[in-house]
Amino acid sequence: MQYKSFQPPRRTLMGPGPSDVHPRVLEAMARPTIGHLDPEFIGMMDQTKAMLQQAFQTQNELTMVISGPGSVGMETCFVNLVEPGDKVVVCRNGVFGGRMCENVERCGGTPIVVEGEWGRAIAPDGVEKILQANPDAKILAFVHAETSTGALSDARVLVELAHRHDCLTIVDAVTSLGGVELDVDGWQIDAVYAGSQKCLSCTPGLSPLSFGPRAVERLSNRRTRVQSWFMDLNLVWDYWGSGAKRTYHHTAPINALYGFHEALVILHEEGLHNAWRRHRENHAKLEAGLAELGLRYFVPESERIPQLNSVAIPEGVHDVRTRERLLRESDLEIGAGLGPLAGKIWRIGLMGHSSRPENIDLCLKALRRVLG
Ligand code: PLP
């Protein structure tokens with residue numbers, strides 16, 4: 001067997017993530033590796049943190065990038081904030097809410113599940129009832145933009161409800177950061193994590209995270225040690241904190257962080273509000289084209305994530321064979337449905353650098369051809 005360098009094909013990524021990586025991000029990642037304690041690198045980390053605070057719209061000091069994909073960001077929130085015996089109210093209206101329940105259980109907590117309809121936003125009434133029935137609950141956790149279905153929930157209202165019932169909040173913003181409004185301080189979110197590979201157009205494998213004052217206080221007053229050494233924010237912060245010891249915790253993914261820094265520079269140049277507008281406008285353009293093809297959206301209009309378009313697969317159309325043809329004939333990737341939605345929906349992403357009119361034209365043309 002002769003092994004050669006891997007040369008990936010050129011694809012257009014219009015699934016639920018990863019999105020197309022911006023060429024500037026790839027270029028930044030190819031720059032020379034320096035030490036993760038090099039003062040130049042530390043300076044870049046400080047800039048990353050400042051730009052991330054702007055993207056999250058927060059002044060939270062504890063704002064950083066976790067070395068691991070969105071799932072590690074999720075787990076970091078749960079292992080640091082949930083102690084054995086804690087009750088956590090979890091909204092489950094898709095796959096990722098389900099993973100939150102698993103996280104609570106694995107931390108020794110008890111998830112109290114608010115079951116939501118897949119393809120719909122989380123209904124605040126249902127959450128309120130559960131919070132009233134569980135006055136000893138400590139946290140409300142939910143997914144802002146449920147990538148598995150395409151439904152966007154009202155994070156502001158849910159956080160307000162949680163605080164009225166004395167609960168902290170853990171919010172999954174993996175698909176929302178950079179694509180739709182997310183106001184961590186304005187909405188008083190306590191703990192939030194996101195992903196690098198969606199609307200920020202960076203490579204997968206990093207998870208931006210931010211903890212507000214109440215979450216930091218909960219962490220400082222734990223009765224028990226954080227059960228994960230790698231994700232214990234008390235330790236990670238010695239590396240990421242400004243003015244902190246900047247001591248070795250783990251070897252940071254140096255070149256990946258160059259890429260993430262560049263992704264934030266690009267977002268900063270575009271402006272957060274302009275980025276949200278672009279995602280909205282491109283969603284409208286795609287929606288009009290899909291309607292012409294007779295494709296129906298799975299999520300009601302007012303509850304849609306603009307950057308993740310879920311459409312019902314038309315009767316008689318073969319899911320896998322259609323997506324295979326799109327990949328083979330047009331180098332275009334769109335996403336399949338997950339769990340109970342497998343074979344029923346397609347998920348067409350317009351995230352970050354993928355959210356461009358030329359991609360929409362390509363996608364509509366390719367779909368027109370395969371749907372005959
Ligand atoms: N949460 C949501 C809403 C997601 O869409 C994803 C990934 O698609 C994750 C969490 C997990 O992120 P990752 O796949 O980067 O671990």
Side-chain angles (χ1 to χ4, degrees), residues 13-21 25 56 65-79 90-104 106 111 116 118-122 140-155 158 169-180 182 184 189 191-210 228 230-231 253 256-257 259-260 263 279 298-299 303-310 333-339 341-342 345-352 354-355:
L13 301 181
M14 294 182 72
S19 56
D20 284 343
V21 176
V25 170
F56 271 136
V65 186
I66 300 293
S67 305
S71 306
V72 183
M74 179 190 283
E75 199 146 345
T76 301
C77 288
F78 285 93
V79 294
V90 182
C91 305
R92 181 164 58 190
N93 62 340
V95 166
F96 295 102
R99 286 193 186 176
M100 286 179 151
C101 294
E102 276 241 9
N103 269 275
V104 174
R106 285 168 191 244
W118 286 42
R120 299 297 309 267
I122 297 157
L140 172 72
F142 65 89
V143 179
H144 185 203
E146 225 332 322
T147 331
S148 64
T149 68
L152 183 70
S153 291
D154 191 334
L158 293 172
T169 45
I170 296 178
V171 179
D172 178 316
V174 169
T175 286
S176 53
L177 179 66
V180 285
L182 173 67
V184 170
I189 295 172
V192 61
Y193 59 92
S196 49
Q197 77 275 28
K198 312 261 182 178
C199 296
L200 300 180
S201 296
C202 184
T203 48
L206 294 173
S207 181
L209 169 142
S210 186
S228 157
F230 181 71
M231 285 176 269
L257 285 169
F260 191 73
H279 283 94
F298 178 64
V299 176
E303 299 173 17
R304 286 178 199 157
I305 309 171
Q307 59 270 31
L308 203 268
N309 300 262
S310 298
E333 178 179 287
I334 65 166
L338 290 182
L341 297 178
I345 63 166
W346 287 321
R347 294 176 300 150
I348 306 177
L350 285 172
M351 300 181 187
S354 293
S355 181

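Counting starts at 1 for both ligands and their atoms, in listed order. All values reported here derive from a predicted model rather than from experimental measurement. Hydrogens, waters and symmetry mates are skipped; everything else that's a heavy atom, side chains included, is used.
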Applying a 4.0 Å heavy-atom criterion (strictly less than), which segment of Val143 is in contact with ligand 1: side chain, backbone, both, or neither?
side chain
side-chain contact (heavy atoms from CB on, under 4.5 Å) between Trp118 and Val95, worked out
CA-CA 9 Å; Trp118 286 42; Val95 166; 3.7 Å; yes
Which residue owns the protein heavy atom closest to atom 3 (C) of ligand 1, what's the atom, and how far is it?
Thr147 OG1, 3.1 Å
N/O of Val174 under 3.5 Å from N/O of ligand 1, yes or no?
no
For atom 14 (O) of ligand 1, the closest protein heavy atom turns out to be Gln197 NE2, 3.9 Å
Quick one: nearest non-hydrogen protein atom to atom 9 (C) of ligand 1, plus distance?
Phe96 CE2, 3.4 Å
Within ligand 1, which atoms have a heavy atom of Pro69 less than 4.0 Å away?
13 (P), 15 (O), 16 (O)
CE (Met231) and CD (Glu75) are apart, to the nearest 0.5 Å, by 4.0 Å
Main chain of Val299, side chain of Arg304: is a donor-acceptor contact present, judged purely on distance under 3.5 Å?
yes
Is it the case that ligand 1 has an N or O less than 3.5 angstrom from some N or O of Tyr193?
no
Thr175 heavy atoms, cut-off 4.0 Å: which ligand 1 atoms fall inside?
5 (O)
On a heavy-atom basis, which atom in Ile345 and which in Ser148 lie closest, and how many Å separate them?
CD1-O, 4.0 Å
contact_flag His144 ligand 1 heavy-atom lt 4.0 Å
no
Is ligand 1 less than 4.0 angstrom away from at least one heavy atom of Ala145?
yes
When you measure from atom 13 (P) of ligand 1 to every protein heavy atom, which one gives the shortest distance, and what is it?
Gly70 N, 3.5 Å
Look at the side chain of Ser354 and the backbone N and O of Leu13, then say whether any donor-acceptor pair between them is shorter than 3.5 Å.
yes
Could you state the interatomic distance from CD1 (Ile189) to CG (Leu182), rounded to the nearest 0.5 Å?
5.0 Å
For the backbone of Lys198 and the side chain of Ser19, can you confirm whether one donor and one acceptor N or O come within less than 3.5 Å of each other?
yes
Keeping the roles fixed (side chain from Gln307, backbone from Gly352), state whether a donor-acceptor pair exists under 3.5 Å.
no
Heteroatom distance test (Lys198, ligand 1): nitrogen or oxygen, under 3.5 angstrom
yes
For ligand 1, is Glu146 a contact, meaning one of its heavy atoms is under 4.0 Å away?
no
Quick one: look up the protein heavy atom nearest atom 11 (C) of ligand 1 and list residue, atom name and how far away it is.
Ser71 OG, 3.5 Å
Is the backbone of Ile66 close enough, under 3.5 Å, to the side chain of Ser207 for a donor and an acceptor to pair up by distance?
no
Counting C-beta onward and ignoring hydrogens, is there a side-chain heavy-atom pair between Leu341 and Arg347 closer than 4.5 Å?
no
What residue and heavy atom of the protein are closest to atom 1 (N) of ligand 1, and at what distance?
Asp172 OD2, 2.6 Å
